[in-house]
Amino acid sequence: MKLNNERGLVECYTCGKFFYIKNIQCGHFVGRGHYSTRFDSRNVRPQCKMCNGMRGGEPGAYALRLIKEIGIEDFILLLQLGAEYRDWE
């Protein structure tokens, strides 16, 4: 996945607007509190502060785009992994 364009701007995964990297956050489809998917590359995408914070991650838009990108099988697997309990100890 290409993170930025030739002007150094990054596209928000959910709203499609472009921002400088300092205004982009790491959005998680399965919340980062789920350690089993926290660092899974299928689960993280760049999101603007508005989408990731104020709009609660825009789960509907995130899910639709993610399914198109990784496929329904990996999407379901990601949800199943997120439901697992995993402790870092």
Side-chain angles (χ1 to χ4, degrees):
M1 171 195 282
K2 186 177 178 186
L3 290 179
N4 61 345
N5 65 16
E6 61 279 348
R7 291 179 43 213
L9 298 173
V10 179
E11 179 184 11
C12 173
Y13 195 70
T14 46
C15 72
K17 295 178 184 174
F18 286 86
F19 300 88
Y20 287 105
I21 191 100
K22 67 181 180 180
N23 295 318
I24 287 289
Q25 298 179 346
C26 184
H28 295 76
F29 179 69
V30 177
R32 63 186 181 139
H34 298 266
Y35 293 122
S36 56
T37 57
R38 186 179 219 171
F39 301 109
D40 190 315
S41 62
R42 295 170 294 186
N43 189 45
V44 294
R45 298 292 183 273
Q47 284 188 299
C48 69
K49 293 176 183 179
M50 182 64 80
C51 287
N52 196 32
M54 303 295 281
R55 295 184 182 141
E58 290 283 2
Y62 202 129
L64 290 174
R65 187 164 177 189
L66 195 59
I67 290 168
K68 288 179 186 175
E69 185 179 325
I70 68 172
I72 192 69
E73 294 83 12
D74 275 351
F75 180 77
I76 291 170
L77 180 61
L78 193 61
L79 292 175
Q80 291 170 340
L81 285 171
E84 289 180 5
Y85 175 77
R86 199 171 279 175
D87 196 353
W88 288 107
E89 296 180 331

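Basis for what follows: all heavy atoms, side chains included, without hydrogens, waters or symmetry-related copies. Just so we're clear, the structure is a prediction, and the values are computed from it rather than from any experiment.
- Taking the side chain as every heavy atom from C-beta outward, T14 and R65 never approach each other to under 4.5 Å.
- One hydrophobic cluster holds both I72 and V30 under the rule that ILVMFWY side chains link at heavy-atom gaps under 4.5 Å.
- Rounding to the nearest 0.5 Å places CZ of R45 at 12.0 Å from CD of E11.
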Checklist entry - side chain to side chain contact (heavy atoms under 4.5 Å, CB included) between K49 and M54: does it pass, once the steps are laid out? => result CA-CA 7 Å; K49 293 176 183 179; M54 303 295 281; over 6 Å; no

Please tabulate, for the side chains in residues 15-29, all donor-acceptor contacts under 3.5 angstrom to protein atoms that are two or more places apart in sequence or on a different chain.
from : atom 1 : to  : atom 2 : distance (Å)
Q25  : OE1    : N52 : ND2    : 2.8
H28  : ND1    : C26 : O      : 3.3
H28  : NE2    : R38 : O      : 3.3

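- If you chain together hydrophobic residues whose side chains sit under 4.5 Å apart, Y13 and F75 fall into the same group.
- When hydrophobic side chains of Ile, Leu, Val, Met, Phe, Trp and Tyr are connected at separations under 4.5 Å, L64 ends up as a singleton with no cluster partners.
- Closest heavy-atom contact between Q47 and C12: CA-SG, 3.7 Å.
- The list of salt bridge (Lys or Arg N to Asp or Glu O under 4.0 Å) pairs with a residue in residues 70-80, not counting sequence neighbours, reads R42-D74.
- Within the model, atoms CG of L66 and CG of N43 stand 7.5 Å from one another, a figure rounded to the nearest 0.5 Å.
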